[in-house]
Structure formats: structure tokens, C-alpha cells
Amino acid sequence: MLRIPAAMIDEIVAHAREDHPDEACGIIAGPAGSDTPTRLVRMVNAERSPTFYRFDSGEQLRLYRQLDAADEEVVVVYHSHTATEAYPSRTDISFAGEPQAHYLLVSTREPDREEIRSYRIVDGVVTEEPVEIIPA
């Protein structure tokens, strides 16, 4: 189960709406080994694409160095789907490189509502998990 503060969900949805029609992407960091999301980091979609996302490699390297220095790790990898449901694509699955992370997807295909779902993706196996939004 992914337990995530409402303010972070609001920020992810806002990011997805701002970047629409391109996919938005980012991570949520937390203390290493805690599985607790504490710090949201918007990332640049280097592809600037409505159907694919990729973190900018320089930005990702800087972020991962910061995480290491702060004894943090990636707790959530998030991105948006702009025209399809919030389910990982074949490409999403093949590029899922954080086995400890929750993969949160938000679909912005409907202009007046969002679909938010979370998954674990390990060795190409996708398992949906409940999302508990924690009030502020």
C-alpha cells in the first residue's frame, strides 16, 4: 500500500495538468529504508512527449547524488498518462528500474477529473496496490 499525503497528490495532479498534453514526471524521496514519502521533486520530461517520459540524465544524476548525501532514496516514481488510463505501458514496465519504489500514475485524459493508481514493478511484473491519501 502506498500512503501519501494529500498535498503531494495535489502537487502531482497540478504538475500533470501544467505539462499536459505532454507527460509529467518526477519522484518523491524519503528516508532510506522507510517507505515514507517526504519530499516531492518535479523532474523535466526530457522527451517532451505526450506518450513517453524520460528523466533528464544530468538532472537525475544531480538528484541521486543529493539523495545519497541526505541518506534518502526514491520512494515514489510518478508520471502522467495524457490519453490513456493510469496503467503502466510496456515501455513504463521495461524502464522501471527502482524495485523498492511505488510507481504512481495519474491519467489526465479527462479534463475535469483524474485517475490515480499505484503499482509495484519488479522484474517486469506489475502489481497494483491500494493508495491511501493521508489528510494534511
Side-chain angles (χ1 to χ4, degrees):
M1 170 183 293
L2 172 60
R3 299 184 78 236
I4 186 167
M8 287 185 179
I9 292 293
D10 292 345
E11 178 68 18
I12 290 167
V13 169
H15 186 191
R17 289 287 178 202
E18 288 166 21
D19 283 11
H20 192 90
D22 292 338
E23 290 190 0
C25 58
I27 67 104
I28 302 175
S34 72
D35 197 40
T36 303
T38 57
R39 182 168 64 97
L40 189 142
V41 181
R42 288 184 178 203
M43 303 286 284
V44 171
N45 179 352
E47 296 296 322
R48 303 212 187 282
S49 167
T51 59
F52 183 70
Y53 82 97
R54 180 179 56 83
F55 295 148
D56 174 82
S57 58
E59 182 182 37
Q60 186 175 11
L61 178 61
R62 285 187 298 279
L63 173 63
Y64 278 52
R65 285 180 176 159
Q66 291 172 0
L67 295 177
D68 286 344
D71 199 26
E72 292 178 311
E73 68 183 4
V74 175
V75 175
V76 176
V77 176
Y78 75 84
H79 77 280
S80 61
H81 281 186
T82 61
T84 60
E85 69 176 315
Y87 188 85
S89 68
R90 286 188 310 262
T91 305
D92 295 338
I93 295 165
S94 68
F95 283 99
E98 300 285 348
Q100 82 289 351
H102 304 269
Y103 284 85
L104 184 79
L105 278 82
V106 57
S107 174
T108 56
R109 66 182 169 173
E110 299 291 332
D112 56 349
R113 68 178 189 89
E114 299 80 30
E115 175 189 15
I116 299 166
R117 296 166 72 184
S118 184
Y119 306 88
R120 293 291 189 149
I121 304 174
V122 180
D123 297 327
V125 176
V126 177
T127 306
E128 187 165 7
E129 63 182 352
V131 177
E132 180 184 349
I133 300 173
I134 303 165

**Partners meeting side-chain contact (heavy atoms from CB on, under 4.5 Å) with Ala46 (sequence neighbours left out)** = Arg54, Asp56
**Asked** Can any side-chain N or O of Glu132 pair as donor or acceptor with the backbone N or O of Leu2 at less than 3.5 Å?
**Response** no
**Message:** Between Thr36 and Pro31 (side chain of the first, backbone of the second, donor and acceptor by atom type, cut-off under 3.5 Å), is there such a pair?
**Reply:** no
**Prompt:** Just how far is it from atom OG1 of Thr127 to atom CD1 of Ile121, taken to the nearest 0.5 Å?
**Reply:** 9.0 Å
**Request:** Answer yes if Val75 and Tyr103 sit in the same cluster of Ile, Leu, Val, Met, Phe, Trp and Tyr residues linked by side chain heavy atoms under 4.5 Å apart, and no otherwise.
**Result:** no
**Complete:** Sequence neighbours excluded, the answer for ring pair (Phe, Tyr, Trp, His ring centres under 6.0 Å) partners of Phe95 is Phe52
**Prompt:** With no hydrogens and no angle check, is any side-chain donor or acceptor of Tyr53 less than 3.5 Å from a backbone partner on Val44?
**Reply:** no
**Message:** Can a donor-acceptor pair be found, under 3.5 Å and without considering hydrogens, that links the side chain of Ser118 to the backbone of Leu104?
**Reply:** no
**Verdict with reasoning, Leu105 to Ile116, per side chain to side chain contact (heavy atoms under 4.5 Å, CB included)** = CA-CA 6 Å; Leu105 278 82; Ile116 299 166; over 6 Å; no
**Asked** Counting N and O atoms only, with roles assigned by atom type, does the side chain of Ser107 sit under 3.5 Å from a partner on the main chain of Glu115, one being a donor and the other an acceptor?
**Response** no
**Prompt:** Is it true that Ile12 and Ile133 fall in one hydrophobic cluster, defined by side-chain heavy atoms closer than 4.5 Å?
**Reply:** yes
**Prompt:** Would you say Val74 and Val126 are hydrophobically clustered, going by side-chain heavy atoms of ILVMFWY under 4.5 Å?
**Reply:** yes
**Item:** salt bridge (Lys or Arg N to Asp or Glu O under 4.0 Å) pairs, two or more places apart, involving residues 23-36
**Value:** Asp35-Arg120
**Asked** When you measure from the side chain of Thr91 to the backbone N and O of Ser89, does any donor-acceptor pair fall under 3.5 Å?
**Response** no
**Leu63/Ile27 under side chain to side chain contact (heavy atoms under 4.5 Å, CB included): CA gap, chis, key distance, verdict** = CA-CA 10 Å; Leu63 173 63; Ile27 67 104; 3.5 Å; yes
**Fill in**
Value for CZ (Arg42) from SG (Cys25), rounded to nearest 0.5 Å, stands at 11.0 Å
**Message:** Tell me whether the count of non-hydrogen atoms from other residues, nucleotides or ligands lying under 6.0 Å of CZ in Arg48 goes above 12.
**Reply:** no
**Message:** Quick one, His102 and Val131 - any side-chain contact, counting heavy atoms below 4.5 Å?
**Reply:** no
**Sole residue of Arg65, Gln60, Glu59 in side-chain contact (heavy atoms from CB on, under 4.5 Å) with Arg62** = Glu59
**Complete:** Per side-chain contact (heavy atoms from CB on, under 4.5 Å), Ile28 is matched among Val41, Val77, Ile4 by Ile4
**Request:** Please confirm whether Tyr87 and His81 have ring centers closer than 6.0 angstrom.
**Result:** no
**Asked** If every non-hydrogen atom of Glu98 is compared with every non-hydrogen atom of Tyr64, which pair is closest and at what distance?
**Response** OE2-OH, 2.6 Å
**Message:** Is there a side-chain contact between His15 and Met43 in this structure, where contact means two heavy atoms from C-beta onward sitting under 4.5 Å apart?
**Reply:** no
**Prompt:** Run the side chain to side chain contact (heavy atoms under 4.5 Å, CB included) check on Gln66 and Arg39 step by step: do they pass?
**Reply:** CA-CA 12 Å; Gln66 291 172 0; Arg39 182 168 64 97; 4.3 Å; yes
**Message:** Counting C-beta onward and ignoring hydrogens, is there a side-chain heavy-atom pair between Val106 and Val13 closer than 4.5 Å?
**Reply:** yes
**Message:** How long is the straight-line distance from CZ of Phe55 back to CD of Glu47, given to the nearest 0.5 Å?
**Reply:** 12.5 Å
**Prompt:** Looking only at heavy atoms, which two atoms of Thr38 and Gly30 are closest? And how far apart?
**Reply:** OG1-CA, 3.5 Å
**Message:** Starting from Ile9, can I reach Leu40 by hopping between I/L/V/M/F/W/Y residues whose side chains sit under 4.5 Å apart?
**Reply:** yes
**Item:** Donor + acceptor pair across side chains of His20, Thr108 (<3.5 Å)
**Value:** yes
**Prompt:** Does Glu85 pair with Arg117 as a salt bridge, N-O distance under 4.0 Å?
**Reply:** yes
**Which atom of Ser80 lies closest to which atom of Ala16, heavy atoms considered** = CB-CB, 3.7 Å
**Item:** Pair His79-Asn45, side-chain donor/acceptor within less than 3.5 Å
**Value:** no
